[in-house]
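Lettering follows sequence order; numbering is per chain, from 1.
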Amino acid sequence: MITLKLPDGSVKEVAPGTTARQVAETIGKRLAQAAVAAKVDGEVIDLARELPPGEHTFQVLTEKDPDALDVLRHSCAHVMARAVLRLFPGTQLAFGPTIENGFYYDIDSPTPIREDDFPRIEAEMQKIVALAEPFERFERPTAEARGLCADLRQTLKVEHIDDLARDHPDGLSFYRQGEFIDLCRGPHLPHAGRIGAFKLLSIAGAYWKNDASRKQLQRLYGTAFFSHKDLDAYLHQLEEAKKRDHRLLGKQLKLFTISTMVGSGLILWMPKGAIVRGVLESFIKDELLKRGYQPVYTPHIGRLELYRTSGHFPYYRDAQFPPMYTRPAAGALDLCQYRLSLGELDDKRETEFLQYAKTAYFVPPDYERAATQAEKLEYLHRYTLKMLETMQVDLPAYRAATDAKGRAEALLQWLADQEGFLLKPMNCPHHIHIYKAEPRSYRDLPVRLAEFGTVYRYEQTGELNGMTRVRGFTQDDAHLFMTADQVEAELKSNIELVLFIFTTLGLSDYRVRIGLRDPASSKYVGDPADWDRAEKTLIDVVKNLGMNYSAEAGEAAFYGPKIDFVVRDCIGREWQLGTVQLDYNLPKRFDLEYIGPDNAPHRPIMIHRAPFGSLERFMGILIEHFAGAFPAWLAPEQVRLVTVSEKFTAYGRQVEGELRAHGFRVQGDYRPEKIGFKIREAQLEKVPYMLVIGEKEQSAGTVAVRSRSEGDLGAVPVAEFVARLAREVRERRLGR
RNA sequence: GCCGCCUUAGCUCAGCCGGUAGAGCGGCGCUUUCGUAAAGCGCAGGUCCAGGGUUCGAGUCCCUGAGGCGGCUCCA
């Protein structure tokens, strides 16, 4: 017998071989009709599946259950794939999972699919849904499954089976629906007729198995619901969310702009945006001073040697603006050094090298693109020799070296003596040298150096996004230098600082991610023992604070693990804001020390932290968070005075002066327009308060207050309005 | 960087099968002196992203490049 525990606590015994649907029928006919799938021991299964022997929890899923929506969407992905196969014969299927608000299917079709094709595909899907054919599960031994996929000419599926044969030696499942058969774990709807409403949303490129070196496929995104009403509600919600987009609001509200001439990913803060940023900066600066931080300033560039020492230059070469050598040819040799140190020339870098070589008139005449890696490196070597010769630089160590690695090292020796600078990609090396500028005692620790430090990173063009992913940004950065037994308290205090900032701004929808190193990757520097210690400390601190978190391998910085605060933008993309990073490595690389109570030198430990992340990204997220309607303490313009007619201009100016004298950001609108028009403008500019001034106010010495969100609040004496607003600003009230 | 799409007035956008460019808002001028989300009339404003090609003729078709959007990959 099979024993099932139902959600209401009752227990049901059924015979072996009973299907989930049969159980639903014994519970109730209506329930069986409403059933979409079943949940056994937390796992969602088809209604047609026979229940496994033993004791289980059992639940029938109906349309109301969120898990049921996933099942529906997964089935809809199959329907879409089936429609695509009909319309685009020869299409290869990859993966078709559900995602948070819908589903996608990765495909490789002989003729690329375009958004114009969506209506045809949707019409074909509609036909399939109308037939209401069942989804039938069947299983095959792995070898046979491979054969079936091969017969279906689904080469990607065959490749996938080869990859996962190890993990599934005892067979794989398929689902058949009409002529369509797909390798799939399931579960699925009983039949396609249950798909109430669906829509294809977009199309994008995606790499096979998420690997950029593999083939790029087309990813078709769609969504589906049980009812048209739900679909319409979702589409409406999408439209509304788009109106909060910081790129749109930034333009409308004149907060920031990006100019092609200045460069992609470089934010120009317009006066209104600059006000908000300034208020945020003083907010955090005051907080830091209270917490024992010391503000510092450092320049925007630093010597290459500095970043060779820190590791930033060699490790993130491709993500930086090119180095600036005072001797131009050194730049070319630097490029050679880098390629030689990598020991390979991939297609992209080979093209770059050829272009570079051409401009220097050093193209090897017999250069063949099809050369092997070894031949390519040989050309690179000959090019380097030619450069050195022309520059009349004699490098015996280079000549003596026999392989690319040796040559790279010899070149680096020479480059290290060349004067070269880098736009700073991080502030830490500069701050480290402030730490190093004086001898430190254990009594001085922790030393907390803070700066709104602007850094530059050459992000790939496809990554740039409004204010959230840029090439020049300012971190509210600080570096803390401390002893081992101060680490925990400092970490804790920094996490609390981030939380304080988030609370003040009403950012409540975030998640905490602990970034650990990926054991399989070689990008991390330092002693594994230090890493283990650092990772354990971070996890302990977060646990002790009772926070929810997810620990994710591969999300660490190259020098240490970190705690990130991740938020979502208006269309659901995640961005890292606040970050706290623990670092045992840079102190070693820069040979930092302090004198301990034992009168001997010790190595300090560093924390890197930026509660906002970057002011640019934070501002972008904040614009979306408030939908452009900043609370009074942050608003670029706090008060707009609107006069009923030009007769009241004088009184208006008097009130304006009074408010300005109290430090408020106020602007008077004295144009001979109707006040309805002036109010509309102020409302659209999202000014928190409008003060209407006419005959009554002038004679009574009052102002008629109108709130952006609550409308007419009635007249009050000017002094009273001043007191109210001052309090609202002081308390950093969020309003709504 | 990769795949797909987009780029027309300051902004939002129309512009058919290739025949020489339009609207609304905004701006400016005049009139209106007005009570809580748009007063009326008039005027100005365009290298149709850039470069090349096809064509008698290109905003429209083709190629290359730049910038943007959505993904993917990346993100110290």
Side-chain angles (χ1 to χ4, degrees), chain A residues 104 106 108 112-116 201-221 242 245 247-248 251-252 258-261 263-265 307 310-313 315-316 318-320 346-349 351-352 424-429 455 457-466 468-469 475 515 523-525 555-560 562 564 571 573 575-576 579 581 583 585-586 608 642-649 671-684 690-697 704-708 711-715:
Chain A
Y104 66 77
D106 285 349
D108 183 23
I113 292 173
R114 306 184 315 150
E115 287 192 20
D116 294 353
L201 295 175
S202 66
I203 198 157
Y207 297 105
W208 170 229
K209 301 214 166 187
N210 284 340
D211 181 346
S213 66
R214 297 198 204 216
K215 184 171 190 146
Q216 189 155 35
L217 311 171
Q218 285 194 296
R219 178 168 294 180
L220 267 61
Y221 285 91
K242 279 186 193 160
D245 192 317
R247 293 163 298 190
L248 194 72
K251 185 182 271 187
Q252 276 170 11
I258 298 172
S259 140
T260 310
M261 266 301 163
S264 314
Y307 288 101
S310 70
H312 293 108
F313 185 57
Y315 281 93
Y316 287 94
D318 289 335
Q320 286 159 4
D346 58 33
D347 287 351
K348 187 184 130 204
R349 294 193 174 109
T351 305
E352 193 186 63
K424 72 176 171 190
M426 281 194 105
N427 299 305
C428 26
V455 296
R457 300 178 187 177
Y458 195 81
E459 304 287 359
Q460 302 185 71
T461 50
E463 309 302 343
L464 297 175
N465 191 286
T468 46
R469 192 80 185 264
Q475 299 174 310
K523 77 168 192 178
Y524 305 100
V525 297
E555 290 292 328
F558 75 90
Y559 48 73
K562 55 181 186 162
D564 292 330
I571 53 175
R573 290 177 294 205
W575 302 97
Q576 172 200 314
T579 181
Q581 313 180 350
D583 180 4
N585 283 303
L586 288 183
H608 309 233
V642 297
T643 45
V644 173
S645 85
E646 282 177 308
K647 288 189 284 194
F648 312 108
T649 303
R671 293 173 303 172
E673 296 285 352
K674 292 187 150 188
I675 66 160
F677 179 78
K678 295 193 202 179
I679 283 172
R680 180 184 146 82
E681 281 198 348
Q683 200 71 45
L684 289 174
M690 286 147 271
L691 301 183
V692 178
I693 285 171
E695 181 60 46
K696 283 178 286 186
E697 290 74 22
V705 181
R706 181 191 162 93
S707 137
R708 160 181 75 192
D712 193 349
L713 299 179

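Residue A:L684 has its side chain nearest to B:A37 when only B:G35, B:U36, B:A37 are considered.
Using atom P as the reference point in both B:G51 and B:C56, the two lie 23 Å apart (nearest Å). Across B:A66 and B:G24, the matching C1' atoms stand 30 Å from one another, rounded to whole Å. Between the C1' atoms of B:A14 and B:U60, the separation comes to 14 Å (whole Å). Spacing of C1' atoms, B:G59 relative to B:C48, comes out at 5 Å, to the nearest Å. With P as the reference atom, B:G45 and B:A9 are 15 Å apart, rounded to whole Å. For the C1' atoms, the distance linking B:G70 with B:C34 amounts to 48 Å, nearest Å. Spacing between B:U12 and B:A37 at atom P, rounded to whole Å, works out to 26 Å. Between B:G1 and B:C61, the two C1' atoms lie 29 Å apart (nearest whole Å).
Dashed line: the shortest gap from a side-chain N or O of A:K251 to OP1 or OP2 of B:G10 is not under 4.0 Å.
The pairing partner recorded for B:G19 is B:C56, the criterion being a Watson-Crick or G-U wobble arrangement whose two distances lie under 3.5 angstrom. Pairing of B:U36, defined by two Watson-Crick or G-U wobble distances under 3.5 Å, is not identified with any nucleotide. The partner of B:C41 is B:G29, by the rule that a Watson-Crick or G-U pair needs both atom distances under 3.5 Å. Of all nucleotides present, only B:G65 satisfies the Watson-Crick or G-U wobble test against B:C49, with each distance under 3.5 Å.
Residue A:E697 is in base contact, counting any heavy-atom pair closer than 4.0 Å across all strands shown. Residue A:G694 is in base contact, counting any heavy-atom pair closer than 4.0 Å across all strands shown. Across all strands shown, A:A704 has heavy atoms under 4.0 Å from base atoms, whether or not it also approaches the sugar-phosphate.
Against the 90° criterion about 0, the sugar-base torsion of B:C69 places it in the anti range.
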At under 4.0 Å between heavy atoms, how does the protein contact nucleotides 25-34 of chain B? Give one character per nucleotide, 5' to 3', with B, S or -. -------BBB

In B/S/- notation, 5' to 3', how is nucleotides 62-76 of chain B contacted by protein heavy atoms closer than 4.0 Å? -----SSSBBBBBBB

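For A:K215, the NZ atom is loosely surrounded, since the number of other residues' heavy atoms within 6.0 Å does not exceed 12.
Regarding A:K215, its NZ atom lies at a distance of 16 Å from the C1' atom of B:G4, rounded to whole Å. The distance between atom CZ of A:R680 and atom P of B:A37, rounded to the nearest whole Å, is 11 Å.
A salt bridge between A:D116 and A:R114 is present, with a side-chain N of the basic residue lying under 4.0 Å from a carboxylate O of the acidic one. Salt bridge present: A:R671 and A:E681 bring a charged side-chain N and a carboxylate O closer than 4.0 Å.
The shortest heavy-atom contact between A:V525 and A:Y315 is CG1-OH, 2.6 Å.
Between A:Q320 and A:Y307, the closest side-chain pair of non-hydrogen atoms is not below 4.5 Å.
When each of A:Q460, A:E459, A:R573 is checked for a side chain to side chain contact (heavy atoms under 4.5 Å, CB included) with A:R469, only A:E459 meets the rule.
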